[in-house]
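First comes the structure, then the notes that go with it.
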Amino acid sequence: MTDARVTVHTAAVIDRIAPELHGHFSEHLGRCIYDGIWHGEADEEVGFREDVVSLLSDLEIPVLRWPGGCFADDYHWEDGIGPREDRPRRRNLFWAQDTGERPEESNAFGTDEFLELCEHIDTEPYLAANVGSGDPQEAVDWVEYCNYDGDTELADRRRENGHEEPYGVRYWGLGNENWGCGGQMTPEQYAREYRRYATYVGSMDKLMLDHDLDLIACGFENHDWNRRFMEEIGSSSWGVEFPLDHLTLHHYYGRSFSVSEADEDQYDRFLVEALEIEDHIERIAAAINAVATTRDIGVIIDEWGSWHPESVPESGLEQPGTVLDALSAAAVLDVFNENSDVMTMANIAQTVNVLQCLVETDGDDAWARPTYRVFDLYANHKGNEAVRTSVDAPSRDLDETNLPLVKASASTDDDGVFITVTNLDCREARSVEIALEGIQDPNRVDAEVLFAEHGPKVEVTVDNADEFEATDLDVSIEDGVLTAELAASTVAGFSVR
């Protein structure tokens, strides 16, 4: 007898799953950049960490956001270009660098280094411009430095700094958390500042560039704030009615407990908190659609992931990489697939060493965390057409809410169907049936499972990292229905041809 049934409605297409939903975020804090991506100041070597670059390249990251975060709204990009020995040492107003509580930024890693990294790992860059303490000229100058192919002083400076051709940066965030660390603005204040910046940055692709720019505004989990922002943006009597292509919000979860000290009830509440992201996506999309009836504006979650109590400035916002966190990432990626009709990008926080990172380093060692394995497993969804799934499974009551114990999503391409199924029950195994409408006799089924031998609080280290790789999963087929046994707190992927 099965515990759950997943029905894949192969003809009920939601939309294309933008590869950018698997994006990432790197900020100048802790050991994310220095010692994580770039050899730190104490190292004899200078340059990218080849081990980290190799891991990120293998993951085929579609987009990477930089330089923040709160760091972005006190960052002046010209500090980080030109000869490294001439770059000024500045404050890091919001974060300690490394784990030594040192609020300083060397600027050894700047615009050209970041964009070179993106070229190395073949990813699209997403730059966050300074609205909190900067000005529109600084932002539009940055666009010109990165993207203009003419004979201006800024284009020539880029060439002098080693990059003859324009970088062609498409994604530009105008501000970060401007309701908080980006200036504590009201939605109306930010809308007016945003429109001022967008007037200049948004004019670049009219005459100076041979490609379009995507302009990104930063929203809030307070959805009345988003509605008021959109109303103010649309109230101008001159210029583009809605000068934004995407509106973002940030969603962190898990601040109330450390995984190593948690019990099963806390696991459940943590996963419910992660799944609240779906309500936020629906509500920010509703705020956009209620106001911007003349524009197709996408939803971006450009910071998301677990944030546990041990992640504090003194620790460089580092926390252990656990199976439970990876399980939450699988559930969130399923939510993104289900909302691919409104979502255009997402960026997990953060890429290396910080928060729910995918890669961890220690000295000369670098290794993949369990969340890395989830992104690797889910990569088959990228660029596919998401289709509707129905899940008939038990749930667990938690005060005024409940936790669905099985989560799933599916997508199709010319070769077949790819389904991901997560057993969110950290206590019991689940037998799951998968029925595919329109496919009576699959020619081939390949299945893999993650974490079958590990409990939810197991932490990754350099010594056990390989143990978290996906393993083959046995699947039976009867009358076109797939059946598999999923151990507690596991994630499975099924390719049906």
Exercise. Do E221 and H251 meet the criterion of a side-chain donor-acceptor pair at a distance under 3.5 Å?
Worked result: yes
For this session: Start with the C-alpha gap between T361 and R31, add the side-chain angles, then the distance that decides, and say whether side chain to side chain donor-acceptor pair (under 3.5 Å) holds.
Result: CA-CA 9 Å; T361 69; R31 297 190 305 123; 3.2 Å; yes
For this session: Would you please indicate yes or no on a ring centroid separation below 6.0 angstrom for Y197 and W172?
Result: no
Exercise. Is it the case that D79 and H76 place a side-chain donor and acceptor less than 3.5 Å from each other?
Worked result: no
For this session: Answer yes if the ring centres of Y75 and W66 are under 6.0 angstrom apart, and no otherwise.
Result: yes
Problem set entry | Side-chain donor-acceptor contact under 3.5 Å, E105 with Y34 | yes
Exercise. What's the shortest heavy-atom distance between A366 and D51, and which atoms?
Worked result: CB-OD2, 3.4 Å
Exercise. Hey, does the Lys NZ or Arg CZ of R295 hover above the aromatic six-ring of F242, less than 6.0 Å from the centre and inside 45° of the axis?
Worked result: no
Exercise. Is the F375 to H24 ring centre distance short of 6.0 Å?
Worked result: yes
Problem set entry | Pairs where residues 157-209 contributes a residue and the test disulfide (SG to SG under 2.5 Å) is met, not counting sequence neighbours | C70-C181
For this session: Answer with yes or no after comparing the ring centroid distance for W77 and Y145 against a 6.0 Å cut-off, counting only values under it.
Result: yes
Exercise. What salt bridge (Lys or Arg N to Asp or Glu O under 4.0 Å) pairs are there with at least one residue in residues 170-190, not counting sequence neighbours?
Worked result: R170-D214, E188-R228
For this session: In plain terms, say whether R65 and E303 are close enough for a salt bridge, that is, a side-chain N and a carboxylate O under 4.0 Å apart.
Result: yes
Problem set entry | Q350-S26 side chain donor-acceptor pair, cut-off 3.5 Å | no
Exercise. Going by distance alone, is a donor N or O of one side chain under 3.5 Å from an acceptor N or O of the other, for N92 and H28?
Worked result: no
Problem set entry | Pairs meeting criterion salt bridge (Lys or Arg N to Asp or Glu O under 4.0 Å) with involvement of residues 129-153, two or more places apart | D149-R159, E153-R157
Exercise. Is it true that E113 and R84 make a salt bridge, defined as a side-chain N closer than 4.0 Å to a carboxylate O?
Worked result: yes
Problem set entry | Side-chain H-bond candidate by donor/acceptor type, E116 with H120, under 3.5 Å | yes
Exercise. Can you find a side-chain donor-acceptor pair between R16 and S340 that sits under 3.5 Å?
Worked result: no
Problem set entry | CG on L115 to NE2 on H163, rounded to 0.5 Å | 7.5 Å
Exercise. Is the distance between the ring centroids of H308 and F270 less than 6.0 Å?
Worked result: yes
Exercise. Which residues pass the side-chain hydrogen bond (donor to acceptor under 3.5 Å, both in side chains) test with D74, sequence neighbours left out?
Worked result: R91, S133
Exercise. Salt-bridged, R227 to D224, with N to O below 4.0 Å?
Worked result: yes
For this session: Check for a donor-acceptor pair, side chain of Q189 on one end and backbone N or O of T186 on the other, with a separation under 3.5 Å.
Result: yes
Exercise. Does any donor atom in the side chain of T10 or T412 lie under 3.5 Å from an acceptor atom in the other side chain?
Worked result: no
Exercise. Between E104 and R90, is there a side-chain N and carboxylate O pair less than 4.0 Å apart?
Worked result: no
Exercise. How close do Q356 and S306 get, heavy atom to heavy atom, and via which atoms?
Worked result: OE1-N, 2.8 Å
Exercise. Can you find a side-chain donor-acceptor pair between D334 and Y378 that sits under 3.5 Å?
Worked result: yes
Exercise. Between atom CG of D73 and atom CG of N176, what is the distance when rounded to the nearest 0.5 Å?
Worked result: 5.5 Å
Problem set entry | Where at least one partner belongs to residues 278-369, residue pairs that pass disulfide (SG to SG under 2.5 Å), sequence neighbours excluded | none
For this session: May I ask you to check whether D325 and T371 show a side-chain donor-acceptor distance below 3.5 Å?
Result: no
Problem set entry | Centroid-centroid under 6.0 Å between Y252 and W304 rings | no
Exercise. Counting only heavy atoms not in Y200, do more than 12 fall under 6.0 Å of its OH?
Worked result: no
Problem set entry | Between T420 and S409, a side-chain donor and acceptor under 3.5 Å | yes
Exercise. What residues, two or more places apart in sequence or in another chain, satisfy disulfide bond (SG atoms under 2.5 Å apart) together with C118?
Worked result: none
Problem set entry | Point-to-point distance, once rounded to the nearest 0.5 Å, from CG of L55 to CD of E50 | 12.5 Å
Problem set entry | Minimum-distance pair of heavy atoms, taken over all atoms of P62 and H22 | CD-O, 3.4 Å
Exercise. Hey, what do you get for NE2 (H381) to CG (L333), rounding to the nearest 0.5 Å?
Worked result: 8.5 Å
